[in-house]
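These notes are about the structure you will find just below.
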Amino acid sequence: MAVDLLLGLQWGDEGKGKIVDVLTSKYDIIARFQGGPNAGHTLEFDGQKHVLHTIPSGIFHDETINLVGNGVVIDPVIFKKELDNLSKNNVDYKSKLLISRKAHLILPTHRLLDAASEASKGKAKIGSTLKGIGPTYMDKTGRNGIRVGDLELENWKEKYRTLADKHEKMIKFYDVDIQYDLAELEKEFFNAVKTLKSLTFIDSEAYLHEAQKEGKTILAEGAQGSLLDIDFGTYPFVTSSTTTAAGACTGLGVAPNKIGEAYGIFKAYTTRVGSGPFPTELFDEDGETMGRVGNEFGATTGRARRCGWLDLVALKYAVQVNGITQLIMMKGDVLSGFKTLKVCTAYNYKGKEIQHLPYNIEAENVTPVYTEIKGWAADLTGMTKVDELPKEFNDYVEFLEKELEIPIKVVSVGPDRTQTIQR
Ligand code: GDP
Ligand code: IMO
Ligand code: MG
(Lines give C-alpha, C1' and ligand atoms only; values in the text may rest on other atoms or scores of the structure.)
(Ligands and ions follow the chains in the order given, each with its own letter.)
Protein backbone atom coordinates (compact mmCIF):
# COMPACT_ATOMS: atom_id res chain seq x y z
CA MET A 1 0.00 0.00 0.00
CA ALA A 2 1.11 3.52 -0.71
CA VAL A 3 1.75 5.89 2.18
CA ASP A 4 -0.50 8.95 2.42
CA LEU A 5 0.80 12.29 3.68
CA LEU A 6 -0.83 15.09 5.62
CA LEU A 7 1.05 18.37 5.28
CA GLY A 8 0.57 21.89 6.59
CA LEU A 9 0.75 24.31 3.68
CA GLN A 10 1.26 27.61 5.52
CA TRP A 11 3.36 28.63 8.54
CA GLY A 12 2.10 25.80 10.75
CA ASP A 13 -0.89 25.50 13.08
CA GLU A 14 -3.26 24.80 10.20
CA GLY A 15 -5.13 22.20 12.26
CA LYS A 16 -3.08 19.08 11.44
CA GLY A 17 -3.71 17.48 14.83
CA LYS A 18 -7.48 17.72 14.47
CA ILE A 19 -7.52 16.29 10.94
CA VAL A 20 -5.08 13.44 11.64
CA ASP A 21 -7.36 12.46 14.53
CA VAL A 22 -10.38 12.59 12.20
CA LEU A 23 -8.60 10.51 9.52
CA THR A 24 -7.07 7.97 11.91
CA SER A 25 -9.98 5.53 11.75
CA LYS A 26 -9.00 4.93 8.08
CA TYR A 27 -5.39 4.03 8.93
CA ASP A 28 -3.46 1.21 10.65
CA ILE A 29 -0.40 3.37 11.34
CA ILE A 30 0.12 7.10 11.94
CA ALA A 31 3.75 8.14 11.60
CA ARG A 32 5.40 11.48 12.46
CA PHE A 33 8.36 12.14 10.18
CA GLN A 34 10.03 15.39 11.25
CA GLY A 35 10.11 18.21 13.76
CA GLY A 36 9.86 17.71 17.47
CA PRO A 37 8.35 19.45 20.48
CA ASN A 38 8.29 22.77 18.62
CA ALA A 39 5.02 21.40 17.23
CA GLY A 40 1.75 21.74 19.11
CA HIS A 41 -1.07 19.66 17.63
CA THR A 42 -4.51 20.21 19.16
CA LEU A 43 -7.31 17.63 19.22
CA GLU A 44 -10.76 18.18 20.65
CA PHE A 45 -13.42 15.57 21.34
CA ASP A 46 -15.93 14.72 24.09
CA GLY A 47 -15.63 18.27 25.41
CA GLN A 48 -11.90 17.89 26.08
CA LYS A 49 -8.85 19.47 24.48
CA HIS A 50 -5.54 17.63 24.11
CA VAL A 51 -2.24 19.05 22.85
CA LEU A 52 0.43 16.72 21.47
CA HIS A 53 4.00 17.81 20.70
CA THR A 54 5.97 14.73 19.63
CA ILE A 55 3.45 11.91 19.83
CA PRO A 56 1.44 11.31 16.63
CA SER A 57 -2.17 12.48 16.64
CA GLY A 58 -3.62 8.99 16.20
CA ILE A 59 -2.81 8.03 19.81
CA PHE A 60 -6.38 8.39 21.08
CA HIS A 61 -7.62 5.58 18.80
CA ASP A 62 -7.38 2.06 20.21
CA GLU A 63 -6.62 0.16 17.03
CA THR A 64 -3.92 2.39 15.52
CA ILE A 65 -0.13 2.13 15.83
CA ASN A 66 1.63 5.48 16.32
CA LEU A 67 5.20 5.72 15.16
CA VAL A 68 7.75 8.43 15.93
CA GLY A 69 9.96 8.27 12.84
CA ASN A 70 13.71 8.66 12.34
CA GLY A 71 13.33 12.24 11.13
CA VAL A 72 11.83 13.41 14.44
CA VAL A 73 13.88 14.93 17.27
CA ILE A 74 12.77 13.85 20.75
CA ASP A 75 13.16 15.69 24.02
CA PRO A 76 12.73 12.93 26.64
CA VAL A 77 11.59 15.50 29.22
CA ILE A 78 8.73 16.81 27.08
CA PHE A 79 7.97 13.31 25.81
CA LYS A 80 7.53 12.09 29.40
CA LYS A 81 5.11 14.95 30.11
CA GLU A 82 3.09 13.94 27.06
CA LEU A 83 3.01 10.33 28.25
CA ASP A 84 1.94 11.42 31.74
CA ASN A 85 -0.94 13.37 30.19
CA LEU A 86 -1.99 10.32 28.21
CA SER A 87 -1.94 8.20 31.37
CA LYS A 88 -4.13 10.79 33.11
CA ASN A 89 -6.60 10.33 30.25
CA ASN A 90 -6.43 6.54 30.59
CA VAL A 91 -4.78 6.09 27.21
CA ASP A 92 -2.88 2.80 27.14
CA TYR A 93 -0.03 4.01 24.94
CA LYS A 94 2.50 1.24 25.60
CA SER A 95 0.98 -1.22 23.18
CA LYS A 96 0.59 1.26 20.32
CA LEU A 97 3.51 3.68 20.48
CA LEU A 98 6.73 2.83 18.63
CA ILE A 99 9.92 4.87 18.39
CA SER A 100 12.54 4.77 15.68
CA ARG A 101 16.04 3.96 16.92
CA LYS A 102 17.32 6.52 14.42
CA ALA A 103 15.41 9.47 15.89
CA HIS A 104 17.77 12.02 17.48
CA LEU A 105 17.62 13.17 21.08
CA ILE A 106 17.31 16.77 22.22
CA LEU A 107 19.67 17.24 25.18
CA PRO A 108 19.22 19.91 27.86
CA THR A 109 22.25 21.71 26.39
CA HIS A 110 20.57 21.81 22.94
CA ARG A 111 17.81 23.88 24.54
CA LEU A 112 20.39 26.14 26.18
CA LEU A 113 22.20 26.57 22.86
CA ASP A 114 18.91 27.52 21.20
CA ALA A 115 18.38 30.20 23.86
CA ALA A 116 21.96 31.46 23.53
CA SER A 117 21.75 31.62 19.74
CA GLU A 118 18.48 33.56 19.85
CA ALA A 119 19.74 35.94 22.56
CA SER A 120 22.86 36.66 20.50
CA LYS A 121 20.76 37.59 17.46
CA GLY A 122 18.90 40.39 19.24
CA LYS A 123 16.26 41.93 16.99
CA ALA A 124 17.13 39.49 14.17
CA LYS A 125 16.02 36.50 16.26
CA ILE A 126 14.00 33.79 14.53
CA GLY A 127 11.38 33.62 17.24
CA SER A 128 12.23 29.98 17.87
CA THR A 129 10.09 27.97 20.27
CA LEU A 130 13.41 27.42 22.14
CA LYS A 131 12.91 23.67 22.28
CA GLY A 132 16.42 22.97 21.00
CA ILE A 133 15.30 22.03 17.49
CA GLY A 134 17.96 23.94 15.51
CA PRO A 135 20.96 22.80 17.60
CA THR A 136 19.76 19.17 17.58
CA TYR A 137 19.40 19.05 13.78
CA MET A 138 22.80 20.79 13.54
CA ASP A 139 24.34 17.97 15.56
CA LYS A 140 22.50 15.46 13.37
CA THR A 141 23.87 16.86 10.10
CA GLY A 142 27.21 17.57 11.80
CA ARG A 143 27.30 13.85 12.70
CA ASN A 144 27.61 14.47 16.42
CA GLY A 145 24.09 13.61 17.55
CA ILE A 146 22.86 11.04 20.03
CA ARG A 147 20.09 8.78 18.79
CA VAL A 148 17.41 6.77 20.54
CA GLY A 149 19.26 3.57 19.58
CA ASP A 150 22.32 4.80 21.48
CA LEU A 151 20.35 4.49 24.71
CA GLU A 152 20.63 0.72 24.29
CA LEU A 153 24.45 0.92 24.30
CA GLU A 154 26.50 0.67 27.47
CA ASN A 155 28.64 3.71 26.78
CA TRP A 156 25.90 6.15 25.84
CA LYS A 157 26.44 8.29 28.95
CA GLU A 158 30.06 8.85 27.91
CA LYS A 159 28.87 10.01 24.50
CA TYR A 160 26.38 12.23 26.27
CA ARG A 161 29.05 13.79 28.52
CA THR A 162 31.40 14.52 25.63
CA LEU A 163 28.65 16.25 23.67
CA ALA A 164 27.22 18.17 26.64
CA ASP A 165 30.73 19.40 27.60
CA LYS A 166 31.26 20.61 24.06
CA HIS A 167 27.89 22.38 24.16
CA GLU A 168 28.86 24.18 27.38
CA LYS A 169 31.93 25.57 25.64
CA MET A 170 29.75 26.68 22.73
CA ILE A 171 27.30 28.40 25.08
CA LYS A 172 30.20 30.42 26.52
CA PHE A 173 31.27 31.33 23.00
CA TYR A 174 27.92 33.12 22.45
CA ASP A 175 28.83 35.50 25.27
CA VAL A 176 25.24 36.12 26.37
CA ASP A 177 23.71 35.99 29.80
CA ILE A 178 22.07 32.55 30.05
CA GLN A 179 21.45 31.33 33.61
CA TYR A 180 21.15 27.57 34.11
CA ASP A 181 21.73 24.74 36.52
CA LEU A 182 22.88 21.87 34.32
CA ALA A 183 22.97 19.36 37.19
CA GLU A 184 19.27 20.02 37.82
CA LEU A 185 18.41 19.81 34.11
CA GLU A 186 20.35 16.56 33.78
CA LYS A 187 18.53 15.00 36.73
CA GLU A 188 15.24 15.66 34.97
CA PHE A 189 16.68 14.46 31.63
CA PHE A 190 18.08 11.14 32.90
CA ASN A 191 14.87 10.44 34.77
CA ALA A 192 12.87 11.05 31.57
CA VAL A 193 15.27 8.84 29.58
CA LYS A 194 14.34 5.99 31.93
CA THR A 195 10.70 6.44 30.96
CA LEU A 196 11.60 6.63 27.28
CA LYS A 197 13.53 3.36 27.60
CA SER A 198 10.41 1.62 28.85
CA LEU A 199 8.87 2.10 25.39
CA THR A 200 9.42 -0.01 22.27
CA PHE A 201 12.33 1.06 20.06
CA ILE A 202 12.28 -0.32 16.52
CA ASP A 203 14.11 -0.25 13.19
CA SER A 204 11.28 1.81 11.82
CA GLU A 205 12.11 1.78 8.11
CA ALA A 206 12.12 -2.04 8.12
CA TYR A 207 8.88 -2.03 10.11
CA LEU A 208 7.21 0.30 7.61
CA HIS A 209 8.42 -1.68 4.60
CA GLU A 210 6.94 -4.82 6.09
CA ALA A 211 3.69 -3.00 6.93
CA GLN A 212 3.45 -1.77 3.34
CA LYS A 213 3.99 -5.30 2.01
CA GLU A 214 1.21 -6.55 4.28
CA GLY A 215 -1.16 -3.96 2.85
CA LYS A 216 -1.40 -1.86 6.01
CA THR A 217 -2.64 1.69 5.60
CA ILE A 218 -0.19 4.37 6.70
CA LEU A 219 -0.60 8.12 7.16
CA ALA A 220 2.50 10.29 7.59
CA GLU A 221 1.76 13.27 9.85
CA GLY A 222 3.70 16.43 9.12
CA ALA A 223 4.61 19.09 11.64
CA GLN A 224 5.03 22.81 10.98
CA GLY A 225 4.16 23.94 7.45
CA SER A 226 5.69 24.34 3.99
CA LEU A 227 6.65 27.97 4.53
CA LEU A 228 8.76 26.92 7.53
CA ASP A 229 10.66 24.31 5.45
CA ILE A 230 14.45 24.57 5.74
CA ASP A 231 14.81 24.83 1.93
CA PHE A 232 11.51 26.17 0.63
CA GLY A 233 10.39 28.29 3.57
CA THR A 234 11.09 31.94 4.32
CA TYR A 235 14.72 31.31 5.25
CA PRO A 236 16.23 32.04 7.75
CA PHE A 237 12.89 32.44 9.53
CA VAL A 238 12.14 28.72 9.26
CA THR A 239 12.53 25.57 11.29
CA SER A 240 15.46 23.17 10.79
CA SER A 241 13.71 20.24 9.09
CA THR A 242 12.10 19.34 5.77
CA THR A 243 8.44 20.01 6.41
CA THR A 244 7.44 19.32 2.80
CA ALA A 245 6.54 15.97 1.18
CA ALA A 246 10.18 14.95 0.67
CA GLY A 247 10.59 15.00 4.46
CA ALA A 248 8.32 11.97 4.70
CA CYS A 249 10.77 10.02 2.49
CA THR A 250 13.85 10.92 4.53
CA GLY A 251 12.03 10.97 7.87
CA LEU A 252 10.47 7.51 7.56
CA GLY A 253 12.35 5.72 4.81
CA VAL A 254 9.37 5.74 2.46
CA ALA A 255 10.38 5.60 -1.20
CA PRO A 256 9.11 8.52 -3.34
CA ASN A 257 7.24 6.15 -5.65
CA LYS A 258 5.35 4.72 -2.66
CA ILE A 259 3.53 7.94 -1.81
CA GLY A 260 -0.23 7.93 -2.36
CA GLU A 261 -2.50 10.83 -1.44
CA ALA A 262 -0.90 14.07 -0.32
CA TYR A 263 -3.48 15.90 1.77
CA GLY A 264 -2.70 19.60 2.01
CA ILE A 265 -4.19 21.46 4.93
CA PHE A 266 -4.64 25.23 5.17
CA LYS A 267 -6.56 27.80 7.17
CA ALA A 268 -9.18 29.93 5.39
CA TYR A 269 -6.88 32.84 6.33
CA THR A 270 -3.20 32.91 7.32
CA THR A 271 -1.33 32.92 10.62
CA ARG A 272 2.30 32.98 11.60
CA VAL A 273 3.98 32.81 15.00
CA GLY A 274 7.54 34.02 15.46
CA SER A 275 9.51 36.41 13.24
CA GLY A 276 9.80 36.60 9.46
CA PRO A 277 8.05 38.09 6.44
CA PHE A 278 4.28 37.73 6.05
CA PRO A 279 2.97 39.70 3.04
CA THR A 280 -0.76 39.55 3.86
CA GLU A 281 -0.36 40.28 7.57
CA LEU A 282 -3.01 42.61 9.01
CA PHE A 283 -2.34 45.21 11.66
CA ASP A 284 -5.94 46.43 11.85
CA GLU A 285 -9.26 45.42 13.36
CA ASP A 286 -9.74 42.60 10.83
CA GLY A 287 -6.51 40.92 11.94
CA GLU A 288 -7.46 41.46 15.55
CA THR A 289 -10.86 39.82 14.92
CA MET A 290 -9.26 36.76 13.27
CA GLY A 291 -6.93 36.36 16.25
CA ARG A 292 -9.72 36.73 18.80
CA VAL A 293 -12.38 34.58 17.08
CA GLY A 294 -9.83 32.00 15.92
CA ASN A 295 -8.23 31.94 19.38
CA GLU A 296 -4.87 32.30 17.68
CA PHE A 297 -2.40 31.57 20.45
CA GLY A 298 0.47 29.10 20.00
CA ALA A 299 -0.26 25.59 21.30
CA THR A 300 3.39 25.21 22.35
CA THR A 301 4.47 28.67 23.53
CA GLY A 302 1.17 30.51 24.09
CA ARG A 303 2.42 33.42 21.95
CA ALA A 304 -0.17 35.40 20.00
CA ARG A 305 -0.17 34.37 16.33
CA ARG A 306 0.05 37.08 13.69
CA CYS A 307 -3.01 37.01 11.38
CA GLY A 308 -3.76 38.03 7.81
CA TRP A 309 -5.72 37.23 4.64
CA LEU A 310 -5.28 34.04 2.68
CA ASP A 311 -2.22 34.20 0.42
CA LEU A 312 -2.84 32.16 -2.74
CA VAL A 313 0.59 32.94 -4.18
CA ALA A 314 2.20 31.21 -1.22
CA LEU A 315 -0.43 28.47 -1.12
CA LYS A 316 0.04 27.59 -4.80
CA TYR A 317 3.76 27.35 -4.19
CA ALA A 318 3.17 24.92 -1.32
CA VAL A 319 0.75 22.85 -3.44
CA GLN A 320 3.41 22.54 -6.15
CA VAL A 321 6.37 21.74 -3.90
CA ASN A 322 4.38 18.99 -2.17
CA GLY A 323 2.42 17.52 -5.08
CA ILE A 324 -0.82 17.97 -3.14
CA THR A 325 -3.68 15.78 -4.41
CA GLN A 326 -6.51 17.06 -2.20
CA LEU A 327 -7.07 20.01 0.07
CA ILE A 328 -8.60 20.47 3.50
CA MET A 329 -9.71 23.96 4.53
CA MET A 330 -9.79 24.78 8.24
CA LYS A 331 -11.37 27.48 10.36
CA GLY A 332 -13.89 28.76 7.81
CA ASP A 333 -16.11 29.49 10.82
CA VAL A 334 -13.68 32.20 11.97
CA LEU A 335 -14.48 34.30 8.88
CA SER A 336 -18.24 34.47 9.59
CA GLY A 337 -19.31 38.10 9.92
CA PHE A 338 -16.71 39.68 7.60
CA LYS A 339 -18.69 41.68 5.00
CA THR A 340 -15.90 41.35 2.44
CA LEU A 341 -13.08 38.82 2.36
CA LYS A 342 -9.78 39.43 0.62
CA VAL A 343 -7.61 36.82 -1.04
CA CYS A 344 -4.11 37.64 -2.29
CA THR A 345 -3.89 36.41 -5.89
CA ALA A 346 -0.66 38.12 -6.98
CA TYR A 347 2.22 40.22 -5.66
CA ASN A 348 3.42 43.59 -6.81
CA TYR A 349 7.13 42.90 -6.92
CA LYS A 350 9.53 45.70 -7.77
CA GLY A 351 6.87 47.43 -9.87
CA LYS A 352 5.70 44.28 -11.67
CA GLU A 353 2.75 42.01 -10.95
CA ILE A 354 3.90 38.42 -10.41
CA GLN A 355 2.09 35.19 -9.57
CA HIS A 356 4.96 33.18 -8.08
CA LEU A 357 6.70 33.32 -4.72
CA PRO A 358 9.94 35.25 -5.26
CA TYR A 359 13.21 35.05 -3.31
CA ASN A 360 12.42 38.19 -1.29
CA ILE A 361 8.95 38.53 0.18
CA GLU A 362 9.71 41.19 2.79
CA ALA A 363 7.31 44.14 2.92
CA GLU A 364 9.78 46.41 1.09
CA ASN A 365 9.82 44.05 -1.92
CA VAL A 366 6.29 42.74 -2.10
CA THR A 367 2.79 44.24 -1.90
CA PRO A 368 -0.15 41.84 -2.10
CA VAL A 369 -2.73 42.25 -4.88
CA TYR A 370 -6.16 41.31 -3.54
CA THR A 371 -9.34 39.89 -5.04
CA GLU A 372 -12.40 40.75 -2.97
CA ILE A 373 -15.10 38.16 -2.27
CA LYS A 374 -18.44 38.65 -0.53
CA GLY A 375 -18.47 37.26 3.00
CA TRP A 376 -21.18 35.39 4.91
CA ALA A 377 -22.89 36.18 8.20
CA ALA A 378 -24.12 32.77 9.36
CA ASP A 379 -22.42 30.90 12.19
CA LEU A 380 -21.01 27.71 10.65
CA THR A 381 -20.01 25.94 13.84
CA GLY A 382 -23.22 23.93 14.20
CA MET A 383 -23.42 22.89 10.56
CA THR A 384 -22.80 19.27 9.67
CA LYS A 385 -23.75 18.98 5.98
CA VAL A 386 -22.63 20.67 2.78
CA ASP A 387 -26.13 21.82 1.90
CA GLU A 388 -26.38 23.81 5.15
CA LEU A 389 -23.35 25.93 4.26
CA PRO A 390 -24.13 29.47 3.04
CA LYS A 391 -23.84 30.27 -0.67
CA GLU A 392 -21.08 32.84 -0.08
CA PHE A 393 -19.02 30.26 1.81
CA ASN A 394 -19.37 27.82 -1.09
CA ASP A 395 -18.42 30.61 -3.50
CA TYR A 396 -15.26 31.27 -1.46
CA VAL A 397 -14.32 27.57 -1.50
CA GLU A 398 -15.04 27.22 -5.23
CA PHE A 399 -12.96 30.30 -6.00
CA LEU A 400 -10.01 28.76 -4.15
CA GLU A 401 -10.46 25.39 -5.88
CA LYS A 402 -10.41 27.09 -9.26
CA GLU A 403 -7.28 29.07 -8.43
CA LEU A 404 -5.45 26.11 -6.87
CA GLU A 405 -6.73 23.55 -9.41
CA ILE A 406 -7.19 20.97 -6.64
CA PRO A 407 -10.44 19.90 -4.95
CA ILE A 408 -11.12 21.00 -1.38
CA LYS A 409 -12.61 17.77 -0.08
CA VAL A 410 -13.05 18.65 3.58
CA VAL A 411 -13.98 21.88 5.34
CA SER A 412 -13.62 22.29 9.08
CA VAL A 413 -16.01 24.58 10.93
CA GLY A 414 -14.85 24.27 14.52
CA PRO A 415 -12.14 22.67 16.68
CA ASP A 416 -14.10 19.54 17.59
CA ARG A 417 -13.69 16.23 15.78
CA THR A 418 -17.35 16.36 14.81
CA GLN A 419 -17.16 19.84 13.25
CA THR A 420 -15.83 18.44 9.99
CA ILE A 421 -17.74 18.42 6.69
CA GLN A 422 -16.91 16.22 3.67
CA ARG A 423 -17.58 17.85 0.30
P1 GDP B 1 -1.62 22.13 14.20
O2 GDP B 1 -0.32 22.53 14.77
O3 GDP B 1 -1.64 22.20 12.71
O4 GDP B 1 -2.12 20.80 14.71
O5 GDP B 1 -2.67 23.22 14.70
P6 GDP B 1 -2.80 23.83 16.20
O7 GDP B 1 -3.40 22.83 17.09
O8 GDP B 1 -1.50 24.42 16.62
O9 GDP B 1 -3.74 25.07 15.93
C10 GDP B 1 -5.00 24.93 15.38
C11 GDP B 1 -6.01 25.52 16.39
O12 GDP B 1 -7.25 25.72 15.74
C13 GDP B 1 -6.29 24.61 17.57
O14 GDP B 1 -6.59 25.40 18.68
C15 GDP B 1 -7.54 23.84 17.10
O16 GDP B 1 -8.31 23.37 18.18
C17 GDP B 1 -8.26 24.91 16.33
N18 GDP B 1 -9.07 24.46 15.20
C19 GDP B 1 -8.85 23.44 14.33
N20 GDP B 1 -9.77 23.45 13.35
C21 GDP B 1 -10.61 24.47 13.61
C22 GDP B 1 -11.76 24.99 12.94
O23 GDP B 1 -12.19 24.53 11.90
N24 GDP B 1 -12.36 26.09 13.51
C25 GDP B 1 -11.90 26.66 14.66
N26 GDP B 1 -12.54 27.73 15.12
N27 GDP B 1 -10.82 26.18 15.30
C28 GDP B 1 -10.18 25.11 14.78
P1 IMO C 1 3.00 22.97 14.31
O2 IMO C 1 3.41 21.55 14.02
C3 IMO C 1 3.86 27.23 14.02
C4 IMO C 1 8.08 28.43 14.12
C5 IMO C 1 8.55 29.18 15.35
C6 IMO C 1 9.65 30.02 14.73
C7 IMO C 1 10.26 29.05 13.72
C8 IMO C 1 11.47 28.30 14.22
O9 IMO C 1 2.25 23.12 15.60
O10 IMO C 1 2.31 23.57 13.14
P11 IMO C 1 11.94 26.38 16.00
O12 IMO C 1 11.39 26.14 17.36
O13 IMO C 1 11.64 25.30 15.03
O14 IMO C 1 13.38 26.77 16.03
O15 IMO C 1 11.17 27.71 15.47
O16 IMO C 1 9.25 28.13 13.39
N17 IMO C 1 7.42 27.13 14.43
C18 IMO C 1 6.11 26.92 14.34
N19 IMO C 1 5.10 27.77 14.05
N20 IMO C 1 3.60 25.92 14.23
C21 IMO C 1 4.60 25.05 14.50
O22 IMO C 1 4.41 23.72 14.57
C23 IMO C 1 5.93 25.55 14.60
N24 IMO C 1 7.12 24.99 14.87
C25 IMO C 1 8.02 25.96 14.75
O26 IMO C 1 7.52 29.98 15.88
O27 IMO C 1 9.10 31.10 14.03
MG1 MG D 1 0.46 23.88 16.17
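Both ligands and their constituent atoms are indexed starting at 1 by order of listing.
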Qualifying residues under side-chain contact (heavy atoms from CB on, under 4.5 Å), relative to Lys159, sequence neighbours excluded: Ile146, Asp150
For atom 17 (N) of ligand 2, which of Thr239, Thr300, Leu228, Asp114 has the closest heavy atom? Leu228
Give a yes or no on this: more than 12 heavy atoms of other residues, nucleotides or ligands lie within 6.0 Å of atom CE of Met170. yes
Here the side-chain hydrogen bond (donor to acceptor under 3.5 Å, both in side chains) pairs for residues 90-99, sequence neighbours left out, are none
Counting heavy atoms under 4.0 Å, the part of Phe237 that contacts ligand 2 is neither
Looking only at the aromatic ring of each residue, does the gap between the centers of His41 and His53 stay below 6.0 angstrom? no
For residues His50 and Phe45, establish whether the separation of their ring centroids is below 6.0 Å. yes
Before accepting this row, confirm whether a basic side-chain N of the pair Glu285/Arg292 lies closer than 4.0 Å to the acidic partner's carboxylate O. no
Got an N/O contact under 3.5 Å between Asn38 and ligand 2? yes
Counting no waters, what protein N/O/S atoms lie under 2.8 Å from the Mg ion (ligand 3)? Asp13 OD1, Gly40 O
How about Phe338 and Trp376: are their ring centres within less than 6.0 Å of each other? no
Within the protein, residues bringing a heavy atom under 4.0 Å of ligand 1, chain by chain: Asp13, Glu14, Gly15, Lys16, Gly17, Lys18, Gly40, His41, Thr42, Glu44, Ala299, Arg305, Met330, Lys331, Asp333, Val334, Ser412, Val413, Gly414, Pro415
